2 protein chains.
Amino acid sequence: MKVNEIMQILKEQGYKLTEQRKEIIETIFKQNRYVSAKEILNEVQDRFPGVSFDTIYRNLSILSDLDLLEETQFEGEAKYRVSCIEDHHHHLVCTKCGQTSVLPECPMDLLQGLAGDFRVTGHKFEIYGLCKECQQGKNT
Amino acid sequence: MKVNEIMQILKEQGYKLTEQRKEIIETIFKQNRYVSAKEILNEVQDRFPGVSFDTIYRNLSILSDLDLLEETQFEGEAKYRVSCIEDHHHHLVCTKCGQTSVLPECPMDLLQGLAGDFRVTGHKFEIYGLCKECQQGKNT
DNA sequence: ATACATGCAAACAATTTGCATATTA
DNA sequence: TAATATGCAAATTGTTTGCATGTAT
C-alpha cells in the first residue's frame with residue numbers, strides 16, 4: 001500500500017490531513033519494520049518540535065482501527081508497522097531493530113482443522129531473532 | 001511438572017519457601033491457562049489478605065528467570081502459565097479466559113531452513129480465539 | 001543469626017483523557 | 001464556520017524499586 005492510498009482512505013473516512021498526521025504516516029510507512037511510539041515521536045519531532053506523545057498515540061489508534069497498521073506487543077511496549085492485509089503472510093521479526101521480512105510460505109495453510117472445538121479468531125506466528133545487519137553489530 | 005518439583009528447584013537455588021510464595025505457585029500451577037498478575041493477586045489474597053502486587057511480580061520474575069513460567073504479552077498486560085519445556089509444543093489461547101490447549105502437531109518442524117540469513121532465537125506461534133466454554137458464554 | 005522475603009510507599013513508563021486552542025475542509 | 005486535530009497537563013495502568021521489618025533456614 002502506498003502512502004497516497006492511506007491519505008485517501010483517511011480523507012474518505014472524514015479525517016483531516018494535518019501536517020503532523022502526514023508526517024507520522026510517512027514516518028511509519030517509509031520503514032519496513034516495527035517501530036515504537038517513541039521512535040515515531042523522535043522522527044516526527046525533527047520536523048515538528050512541538051508534537052507530543054498523545055498526538056502520536058491518537059494517530060496510531062486511528063490507523064489501527066482502519067486496519068492500516070499491524071501492532072505487535074514487544075516487552076513493555078507496542079510496535080507498529082504498515083499493514084499488508086492484501087497478501088496474507090508471516091514475518092521474521094528482528095528483536096533488536098524491529099526489521100521484518102516475509103516468510104516465503106504460510107504455515108497456517110497446514111493447520112486447517114487442527115483446532116477442533118476452538119473457534120479461531122486470529123493467530124500470531126512470528127519468528128524472533130537477529131537480522132543480518134544486527135548480527136554484524138550494525139545497529140547499536 | 002509437579003508443584004513439588006517447582007518447590008524443590010527453588011529450594012536448590014537458595015530461595016525460601018514462604019507461605020505466600022507457595023500460594024502463588026499453587027495458584028499458577030493449578031491453572032492450565034495464562035493468568036495475569038492481577039488474577040494471581042486476587043486468588044492469593046483469599047488466603048493472604050496482606051499480599052501486594054510487588055510480591056506477585058517479584059515471584060513471577062524469579063519463576064520466569066528459572067524458566068518455570070511462560071510469559072505472553074496480552075494487550076496492555078503480561079500473562080503467565082506453567083512452562084512445559086520438556087515437551088515442545090504450541091498453544092491454542094483463548095483471548096477471553098486465557099485457557100490454553102496444546103496443538104497436536106508442531107508447525108515449526110516444517111520450517112527448518114526457511115529463515116535464511118536470519119538468526120532465529122525464538123518464535124511465537126499462538127492461535128487466538130474462544131474455547132468451547134467461552135463460546136457458550138460460561139465465563140463472564 | 002543471617003540471608004532472603006514481604007509490605008508499604010513511592011517511582012516509573014507506556015498509554016489515555018479532558019479541555020482550550022488551532023487548523024483543515 | 002463547523003468539525004476535527006493538536007498540545008498541554010493531568011490521570012490511569014502495569015510494573016519496578018528502596019527500605020525497614022519479618023520469616024525461613
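Keep in mind the model is a prediction, meaning the values are calculated, not measured. Residue numbers begin at 1 in each chain, while the letters A, B, ... track the order of the sequences.
- Between A:R21 and the phosphate of D:dT4, there is no side-chain N or O to OP1/OP2 separation shorter than 4.0 Å.
- Atom-to-atom, CG of B:L10 to P of D:dT23 comes out at 20 Å; the value is rounded to the nearest Å.
- Place B:K16 and B:I24 on DNA chain C by their nearest nucleotides, and B:K16 ends up nearer the 5' end.
- In this structure, B:Q45 places its CD atom 10 Å from P of C:dG7, rounding to the nearest Å.
- Looking at heavy-atom distances under 4.0 Å, B:R58 makes contact with a base.
- You'll find a donor-acceptor pair under 3.5 Å spanning the side chain of A:D54 and the base of D:dA9, going by distance alone.
- Between B:K11 and B:Y57, the residue anchored nearer the 5' end of DNA chain D, judged by the nucleotide with its closest heavy atom, is B:Y57.
- For A:E39 and C:dA14, the CD to C1' distance is 14 Å, given to the nearest whole Å.
- The distance between atom CD of B:E71 and atom C1' of D:dT16, rounded to the nearest whole Å, is 14 Å.
- As a whole-Å value, the separation of B:I56 CD1 from D:dT17 P is 17 Å.
- Of all nucleotides listed (D:dT15, D:dT25, C:dT6), D:dT15 comes nearest to the side chain of B:E77.
- Without hydrogens or angle criteria, B:S61 side chain to B:Y57 main chain gives no donor-acceptor distance under 3.5 Å.
- If you run side-chain contact (heavy atoms from CB on, under 4.5 Å) between A:E23 and each of A:I40, A:I28, A:V44, only A:V44 comes through.
- Put simply, CD1 on B:I62 is 9 Å from C1' on C:dC4, counting in whole angstrom units.
- The side chain of A:T18 places an N or O atom within less than 4.0 Å of a non-bridging phosphate oxygen (OP1 or OP2) of D:dT6.
- Evaluation of atom-type donor-acceptor distances gives no pair under 3.5 Å for the side chain of A:K38 against the base of C:dA14.
- Considering only the side chain of A:F53, C:dT15 comes nearest among C:dT15, D:dT6, D:dA3.
- Within the 3.5 Å criterion, the main-chain N or O of B:N59 finds no donor-acceptor partner in the side chain of B:R21.
- One atom, CD of A:E19, and another, P of D:dT6, lie 11 Å apart when rounded to the nearest Å.
- With D:dG7, C:dT24, C:dT6 as the candidates, the nucleotide lying closest to the side chain of B:N59 is C:dT6.
- The CD-C1' distance, from B:Q13 to D:dT25, rounds to 16 Å in whole Å.
- Toward the 5' end of DNA chain D, the nearer of the two residues B:G76 and B:Y15, judged by each one's closest nucleotide, is B:G76.
- A:S83 places a side-chain N or O within donor-acceptor distance of the main-chain N or O of A:D67, the cut-off being under 3.5 Å.
- Using a 4.0 Å cut-off, no side-chain N or O of B:Q20 falls inside it from OP1 or OP2 of D:dG22.
- The shortest distance between side-chain heavy atoms of A:V35 and A:T27 does not fall below 4.5 Å.
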